[in-house]
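Below you'll find the structure, written out as structure tokens, and then a few comments.
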Amino acid sequence: MLSKVAERVYWTARYIERVENTARLLGVYANLLLDLPKGVNLGWSNLVELNSAQHLFDERYKNRDERNVVKFILGDTKNPSSVVSSLFMLRENVRTTRDVVPAEAWELINELSLFVSDNLQQAVNRGQRHDFLKGLIKGCQQLNGLLYGTMNHDAAWDFLRLGRNLERADMTTRILDAGAATIMQTQGDEVAINTWQIIWGNVLRSVGADQSYRRTLRSAVRGSDVARYLLEDKDFPRTIAHCLIASADSAAKLPRSEPVSDCLNALLSRGFDGVDYQNLGAPFRDYLNNLQLELAAVHSAIANNWFNQ
Amino acid sequence: MTINWKEYAPTHFYDELISTPGNARQSARRLVAYLRSLRDEEVEQRRRAAEATVKEMGVTFTVYTEEGNIDRAWPFDIIPRTIAKKQWDKTAEGLKQRLQALNLFIQDLYHEQKIVQDGVLPRYILEQSKNFRPECVGISPRYGVWANICGTDLVRDKDGEFYVLEDNLRVPSGVAYMLENRAITKRVLPDLFEQAHIAPIDDYPARLFDMLVSLSPRDIEQPVVVVLTPGIFNSAYFEHAFLAQQMGAELVEGSDLVVQSDECVYMKTVAGLQRVDVIYRRIDDLFLDPEAFTPDSVLGVPGLMRAWRKGNVAMANAPGAGVADDKVVYAFVPAIIKYYLDQDPIVPNVETFLCINEKERDYVLANLDKLVVKPANESGGYGMLVGPHSTKKERLEFAELIKANPRNYIAQPTLALSTAPTLVGNNSLEPRHLDLRPFVLQGASTYVTTGGLTRVAMRKGSLVVNSSQGGGSKDTWVVDTEAK
């Protein structure tokens, strides 16, 4: 398969994930704010920091209030990781790889883009936001379902899988980090300490892992367990361990894969030894930050090896 | 449909569906009866469904404007245009005859030039041709065929006969829209396909692929076929991607290909370089290879012409094929058919005046208000003068252009282009002018699409059907009126 096509397919998968994850996160975060007691002041700022977009945001808006943050995350074309920007890139990538992805993928993308442009206004409005986000998530799942059901498991498939798993892993580190940051913000506050369980519960929910966590651990939601689960569990499809194993598996099936496989295997064999699950403060956030850099290095290895010739 | 069919006036033009007020042509009888049975709300609902389908299917074309490139939804009219199978079959024979003759002509021009020596084609035409490529002299593409894919523009005059208006032998586009028009119509008017005997059209991509494979220089089981596109900003990118997908070929840009020291063409894949056998190129000659033609072109592949001349890669259409796609050469096509095939043309030309000939030029200059004047080497309807619709100032300007460069201009009578009922405004039907572009393939054998792409001038009275200038399109049905 063409290098350029491989690159676009890889990004197609990343953007599908990005759109879906952003929609999930926004929905869960709005719910979390409703659940917190009156005294706890979290605000919408966390969602901007999560994407490391503080600078860009402050250039464009005065207040980090709900309306602005939601607009920034969903509909702002100047924000490269907003839903509309990701969808635009997604559509361009599918448009330029129509020869390798199933024909219906192109139609689904168009439907989803039309849905978003027709309904974006709804989402700013709290009452209708839920339906909008649901439609968005559904569109992404439909697309993934189509690819699962009809796409050849050839090289294009493995690039798709690589993109999907790296993006998921990256998002999971960010969501964990947001959880840890929120906890740190509320430390020392008597009322807030009681809300930690709610926060970690929402961390699980933002990656859709609340149900499987309970079934696997059969215990209450505790920060240390949630962190360990989202890093180390091999079965849930959005944990770091699962995403890395799946990436390594796909990389190994591709031609001339040694440099990428080496990079992934090194990351896997290091395991999660250094993580202190009892203390999810600053060192844990440093660890996650470092993990994000390592995931970026995997991406560079992939790009150097297969895309840039 | 509460349209008053008696009111629908085909006027003095030939109408594709209606013969005399209130009466449908035989090929359109079932269609018209069906349309009559629809209520206004139903028509509106189908029209909306078609509009939504176009958007969902992402059928677009790109328009270049000063503000940048805009992707527009394909303008589509839901009322199909019908042609009787019997008439179509004869026309298809004529198109095959024409392309075969044109290919013999091109092959001759790049070899002995017998047609010039025998005085059938004046030498000046060759000497001044913008599309004759000295780089191609002496080359023989597979089967001696240069133009493998041809889009022939047909029009129907008031006598109801088809005439050839233009042979597009360079990089003709539109076939994807022909296929998509049918797909849309099947979705919005499915009931009709059960009743009428409408010939299917969807084998085109398979025929195209077989033809391309037959050009492969290597005798191997699965030659590598690619579609070479200038990229996403090209107005026909949609079609390039569509055809690559339908054929299962790779869609490549110039930067994906490289010519190695063995003078073979390779594409850059994730597994390394892979040899390419056949290139369906959708890039104009002059941008194919910066080494051979335009040095600053970034669209092409350096060394591509060397590889092609060596016979290490096939290109369709072959570079240089455009020498026969010239409005001056066009005037000689009947003579070309006679010369090479010793046959009379089955589908006639439109009467054409060559401005280089003094007598004809004088006639043209004296009758600018009645004629259509075209530059010899423009496409897309640019640079034309439509006499009856022109201003005095425009005619004066054109007279100067013609006198300054007579070789570059031809003129034709303003045709009474046929019309067909088209949905306008508040869902009423009005006649709009249209043409037809069938596609002809020639490799080991020759093939013609069933019908073709019907383009409609959506503005009342307009004769310009190009999508870049406000044209739309319709599905085209070849209907077997004799089938039971």
Side-chain angles (χ1 to χ4, degrees), chain A residues 1-10 88-118 139 142 151-152 154-160 162 250-251 253-257 259-260 302-309, chain B residues 51-62 69 71 73-74 176 179-180 183-184 187 202 205 209 224-234 237-258 260 266-274 276 280:
Chain A
M1 107 182 270
L2 279 182
S3 298
K4 188 151 48 192
V5 172
E7 182 172 12
R8 287 171 179 162
V9 168
Y10 167 87
F88 175 81
M89 294 305 294
L90 173 56
R91 185 166 182 266
E92 286 305 287
N93 278 299
V94 172
R95 177 151 110 120
T96 46
T97 49
R98 291 180 60 196
D99 47 333
V100 295
V101 295
E104 297 96 322
W106 174 238
E107 275 193 46
L108 284 183
I109 286 289
N110 289 319
E111 279 174 33
L112 189 57
S113 306
L114 285 172
F115 168 78
V116 169
S117 60
D118 290 348
Q142 216 172 9
M151 197 169 159
N152 249 347
D154 55 9
W157 175 255
D158 284 308
F159 280 107
L160 201 75
L162 271 176
S250 274
K253 288 185 183 136
L254 289 165
R256 306 183 296 119
S257 62
V260 177
I302 291 172
N304 288 333
N305 194 50
W306 286 304
F307 304 156
N308 312 322
Q309 292 191 36
Chain B
E51 216 174 84
T53 307
V54 167
K55 283 189 186 158
E56 277 164 23
M57 288 172 44
V59 189
T60 59
F61 68 102
T62 314
N69 303 328
D71 242 5
W74 180 243
L179 296 167
E180 293 287 51
I184 299 165
R187 285 198 201 178
D202 38 21
F209 188 68
V224 176
V225 178
V226 301
V227 178
L228 175 60
T229 173
I232 192 122
F233 297 111
N234 185 271
Y237 182 81
F238 169 85
E239 174 161 306
H240 308 160
F242 178 91
L243 289 175
Q245 182 190 48
Q246 294 284 312
M247 292 193 292
E250 295 283 353
L251 178 66
V252 304
E253 292 174 30
S255 57
D256 296 321
L257 299 180
V258 59
Q260 295 284 92
Y266 294 86
M267 60 179 176
K268 300 170 187 170
T269 79
V270 293
L273 295 179
Q274 186 183 3
V276 172
Y280 176 24

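- Minimum interatomic distance between B:Val270 and A:Ala6 (heavy atoms only, all atoms of both residues): CG1-CB, 3.5 Å.
- Interface check for chain B: of the options A:Leu2, A:Asn305, A:Leu112, the most heavy-atom pairs under 4.5 Å are formed by A:Leu2.
- Only the side chain of A:Phe159 comes within contact range of chain B, with heavy atoms under 4.5 Å apart.
- Counting heavy-atom pairs under 4.5 Å between each of B:Met57, B:Gln246, B:Gln274, B:Met247 and chain A puts B:Met57 at the top.
- No side-chain heavy atom of B:Leu251 sits under 4.5 Å from any side-chain heavy atom of A:Arg98.
- Taking CD of B:Glu56 as the start and CD of A:Glu107 as the end, the distance is 6.5 Å to the nearest 0.5 Å.
- Atom CZ of residue B:Phe242 and atom CH2 of residue A:Trp106 lie 12.5 Å apart, to the nearest 0.5 angstrom.
- Neither the backbone nor the side chain of B:Ala52 comes within less than 4.5 Å of any heavy atom of chain A.
- The minimum heavy-atom distance linking A:Pro102 with B:Gln245 is given by the pair C-NE2, 4.4 Å.
- Neither the backbone nor the side chain of B:Val226 comes within less than 4.5 Å of any heavy atom of chain A.
- Considering OG1 of B:Thr53 and CG of A:Asn110, their distance stands at 11.5 Å, rounded to 0.5 Å.
- For A:Phe88, the CZ atom counts as loosely surrounded, since its 6.0 Å shell holds 12 or fewer non-hydrogen atoms of other residues, nucleotides or ligands.
- Taking CE of B:Met267 as the start and CE of A:Met1 as the end, the distance is 10.5 Å to the nearest 0.5 Å.
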